[in-house]
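Encoded as structure tokens, the structure appears first; notes follow it.
Worth knowing before you read on, the calculation uses all heavy atoms, side chains too, and leaves out hydrogens, waters and symmetry mates.
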Amino acid sequence: MTRIRTRLTGQDTARRGLARHTDRIRKALAAEVGDVAEAIRRDARAHLDNAGLRPVSRTGRLARSLRIQPSPGSLMARITTPLDYGTFLEFGTRRMPAYPWLGPAVARHATAFRARVIRLLRQLHGSPRP
């Protein structure tokens, strides 16, 4: 059950109250998106830097090039690299097998991220656990 405490004395007051809650929720969710994007980037870097993986990282350029790009106005972030060979490693080519480094990092954090968002929304709305 969702509870939002807003005193309804008129349409304008209701809109302001909902906007306050919406802003608070959006800010909290944006922080969670940023946290999980950073965790994914760290995990992908560690995966790339692991000398036991093939192909062996020779220079570490790909790991160092990873950047987080938040999407203004949405609850999304992209982890990018300007280096083309990051895509070739992730998906392979017709002459080289794939050596995924980003997909596994995303997969490792997906379930925990979902649980964190659900917990956060429950805290913000004051809803009891089902």
Legend entry - Nearest-0.5 Å distance that lies between atom CZ in Arg114 and atom CD in Glu32: 14.5 Å
Legend entry - Separation of Thr81 OG1 from Arg41 CZ (nearest 0.5 Å):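 These two atoms lie 11.5 Å from each other.
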Legend entry - Flag side-chain contact, heavy atom, 4.5 Å: Glu90 against Pro104: yes
Inset, instruction - Find out whether Trp101 and Leu62 are in side-chain contact, i.e. whether some heavy atom of one side chain is under 4.5 Å from a heavy atom of the other. - result: yes
Legend entry - For Leu102, the option from Thr87, Ile79, Leu66, Leu89 that meets side-chain contact (heavy atoms from CB on, under 4.5 Å): Ile79
Legend entry - Residue Arg108 excluded, over 12 heavy atoms near CZ under 6.0 Å: yes
Inset, instruction - Would you kindly confirm whether Phe91 and Val106 end up in one hydrophobic cluster when ILVMFWY residues are joined by side chain heavy atoms under 4.5 Å apart? - result: no
Legend entry - Connected via hydrophobic side-chain network under 4.5 Å: Met76 and Val36: no
Legend entry - For the student: nearest non-hydrogen atoms of Ser65 and Leu83, plus distance: OG-CD1, 3.6 Å
Legend entry - Minimum heavy-atom distance Ala105-Ala44, with the two atoms named: CB-N, 3.9 Å
Any sub-3.5 Å donor-acceptor pair from [X]'s side-chain atoms to [Y]'s backbone N or O?
X     : Y      : value
Arg67 : Arg64  : yes
Arg78 : Gln69  : no
His47 : Pro100 : yes

Inset, instruction - Report the C-alpha distance between Ile40 and Phe113 in whole Å, list the side-chain angles of each, state the deciding distance to 0.1 Å, and finish with yes or no for side chain to side chain contact (heavy atoms under 4.5 Å, CB included). - result: CA-CA 11 Å; Ile40 291 168; Phe113 175 67; over 6 Å; no
